[in-house]
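A short write-up of the structure that comes next.
As the structure is a computational prediction, the values presented were derived from the model and not from experiment. Side chains are part of it too, since the values below use all heavy atoms of this structure and drop only hydrogens, waters and symmetry mates.
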Amino acid sequence: MTDKPLADRLALVTGASRGIGAATALALAAKGAHVVITARTAKGLEDIEEAIFAAGGSATIAPLDLTETDAIARLATAIGERWQALDLMVLNAGMLGSLSAVPAIDPKELAQVLTLNVSAQAALISAFDPLLRRASAGKVIGITSSVGRNPRAYWGAYGASKAAFETLLGAYGDEVEQIGRIRTAILDPGATRTTMRARAYPGEDPQSVKEPSVVADRIVALAIDGFPAGHRERVD
């Protein structure tokens with residue numbers, strides 16, 4: 001078996017400047033994929049791109065704010081002009097927001113959370129659907145949280161956004177299952193050593209939870225081996 005099973009494949013990873021997104025970009029590139037990495041922070045993306053190149057991989061950085069719908073459309077156009085198809089899209093970017101009781105949720109911040117965690121994801125699916133359809137086996141993997149299905153005190157805003165995201169991605173997967181080769185999966189990374197996790201659990205010892213590379217390795221395995229329609233799993 002080749003050590004580059006994703007050679008000649010194109011992947012798009014959002015929120016790729018750090019954490020799970022960065023680890024996923026590095027892992028996909030190590031298996032031969034050309035990875036388009038997006039995030040708001042250009043410096044973070046440049047660091048990941050440099051690490052990918054240093055390891056012999058290839059990547060393209062695309063700094064952008066996913067809450068700007070026009071920016072997503074422009075990115076899809078630019079990618080479509082350079083490549084024929086998109087083989088994998090990892091929807092990782094997300095916003096935690098403040099953890100607060102439901103009556104205390106700030107409406108403006110809630111709107112921001114929903115814009116990135118739901119509306120931007122819908123825009124990404126819409127913009128890249130044509131390129132995913134051109135792939136031999138297009139895959140979309142969405143990163144979620146257990147609070148999207150199991151409500152928890154003080155996690156109402158974030159949990160609601162993830163519940164909406166899961167419904168959105170699941171509906172898309174159901175729509176394309178019978179008419180093409182696109183498959184969607186929802187992946188709950190579980191407790192992982194990320195900046196978002198540190199914000200949510202400030203007193204937790206970071207060494208007590210797994211590294212992002214563990215989640216990235218599972219995403220790569222799904223990209224290589226494939227998965228059934230509507231696949232869902234948790235990485236423990």
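Considering all non-hydrogen atoms of both residues, A25 and I37 come closest at CB-CG2, 3.5 Å. A pairwise comparison of heavy atoms in A135 and D87 identifies CB-OD1, 3.7 Å as the closest pair. Of all heavy-atom pairs spanning I72 and A127, the tightest one is CG2-CB, 3.8 Å. The two residues P206 and R193 make their nearest non-hydrogen contact at O-NE, 2.9 Å. Shortest non-hydrogen contact noted between A51 and L26 is CB-CD2, 3.7 Å. Of all the heavy atoms in L66 and A120, the pair that sits closest is O-CB, 3.3 Å.
Within the model, atoms OG1 of T194 and CD of E211 stand 12.5 Å from one another, a figure rounded to the nearest 0.5 Å. Summarising the geometry, atom CD1 belonging to I61 is positioned 5.0 Å from atom CD belonging to E49; distances are rounded to the nearest 0.5 Å. Here the straight-line distance linking atom OG1 of T67 with atom CE of M95 works out to 10.0 Å at 0.5 Å rounding. Here CD1 of I182 is found 8.5 Å from CE of M89. Values are rounded to the nearest 0.5 Å. Rounded to the nearest 0.5 angstrom, E68 CD and D65 CG are separated by 4.5 Å. The CG atom of L222 sits 6.5 Å away from atom CG of L187, with the distance rounded to the nearest 0.5 Å.
Each salt bridge (Lys or Arg N to Asp or Glu O under 4.0 Å) pair with one or both residues in residues 37-46, not counting sequence neighbours, appears once here: K43-D47. Pairs engaging residues 54-77 under the ring pair (Phe, Tyr, Trp, His ring centres under 6.0 Å) rule: none recorded [sequence neighbours left out]. Among residues at least two apart or in separate chains, there is no ring pair (Phe, Tyr, Trp, His ring centres under 6.0 Å) pair with a member in residues 99-146. Sorted pairs that involve residues 174-183 and meet side chain to side chain donor-acceptor pair (under 3.5 Å), not counting sequence neighbours, are lacking altogether. Sorted by first and then second residue, the ring pair (Phe, Tyr, Trp, His ring centres under 6.0 Å) pairs involving residues 92-120 (not counting sequence neighbours) form an empty list. For residues 102-122, the pairs satisfying side chain to side chain donor-acceptor pair (under 3.5 Å) are S98-E109, N117-S161, with sequence neighbours left out. Counting only residues at least two apart or in different chains, side chain to side chain donor-acceptor pair (under 3.5 Å) contacts with residues 163-172 comprise D129-Y172, T144-E166, R149-E166, E166-R232. Under the ring pair (Phe, Tyr, Trp, His ring centres under 6.0 Å) criterion, the residue pairs touching residues 32-60 are H34-W83, with sequence neighbours excluded. Applying the side chain to side chain donor-acceptor pair (under 3.5 Å) rule to pairs touching residues 72-81 yields nothing, sequence neighbours excluded.
Not a single donor-acceptor pair under 3.5 Å links the side chain of K162 to the backbone N or O of A160. K210 places a side-chain N or O within donor-acceptor distance of the main-chain N or O of V235, the cut-off being under 3.5 Å. Of the possible donor and acceptor atoms, one in the side chain of T24 sits under 3.5 Å from a partner among the backbone N and O of I20. The closest donor-acceptor contact from the side chain of K4 to the backbone of A30 lies under 3.5 Å. Here the side chain of S145 pairs no donor or acceptor atom with the backbone of G148 at under 3.5 angstrom.
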ask   = What's the verdict on side-chain contact (heavy atoms from CB on, under 4.5 Å) for I141 and H231, showing C-alpha distance, side-chain angles and the deciding distance?
value = CA-CA 9 Å; I141 300 175; H231 180 70; over 6 Å; no

task = Would you sort out whether R197 and T192 count as a side-chain contact (heavy atoms from CB on, under 4.5 Å), showing the intermediate values?
result = CA-CA 7 Å; R197 176 82 184 183; T192 306; over 6 Å; no

key: Chi angles and distances behind the side-chain contact (heavy atoms from CB on, under 4.5 Å) call for T184, F227   = CA-CA 8 Å; T184 65; F227 46 82; 5.5 Å; no

message = For a side-chain contact (heavy atoms from CB on, under 4.5 Å) check, start with the C-alpha distance between T38 and L75, then their side-chain angles and the critical distance, and finish with the verdict.
response = CA-CA 10 Å; T38 75; L75 176 62; 3.8 Å; yes

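At a threshold of 4.5 Å between side-chain heavy atoms, the hydrophobic network of Ile, Leu, Val, Met, Phe, Trp and Tyr places V176 and L124 in one connected group. Both I125 and L64 belong to a common hydrophobic cluster when Ile, Leu, Val, Met, Phe, Trp and Tyr are linked at side-chain heavy-atom distances under 4.5 angstrom. Taken together through direct or relayed side-chain contacts under 4.5 Å among Ile, Leu, Val, Met, Phe, Trp and Tyr, V215 and L88 form part of one hydrophobic cluster. With hydrophobic clusters built from ILVMFWY side chains whose heavy atoms lie under 4.5 angstrom apart, F165 does not share a cluster with I219. One hydrophobic cluster holds both L116 and I186 under the rule that ILVMFWY side chains link at heavy-atom gaps under 4.5 Å.
A 4.5 Å side-chain heavy-atom check between I52 and S58 finds every atom pair outside the cut-off.
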Table please: side-chain donor-acceptor pairs of residues 5-18 below 3.5 Å, with sequence neighbours left out.
{"residue": "T14", "atom": "OG1", "partner": "V90", "partner atom": "O", "Å": "3.4"}
{"residue": "T14", "atom": "OG1", "partner": "N92", "partner atom": "N", "Å": "2.9"}
{"residue": "T14", "atom": "OG1", "partner": "A93", "partner atom": "N", "Å": "2.9"}

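With sequence neighbours excluded, the residues satisfying salt bridge (charged side-chain N to carboxylate O under 4.0 Å, His left out) with R234 are D188, D236.
The hydrophobic cluster containing V118 also includes V102, I105, L110, L114, under a criterion of side-chain heavy atoms closer than 4.5 Å among ILVMFWY residues, counted directly or through chains of members.
A cation-pi arrangement, defined by a distance under 6.0 Å to the six-membered ring centre and an angle within 45 degrees of its axis, is absent between R199 and Y201.
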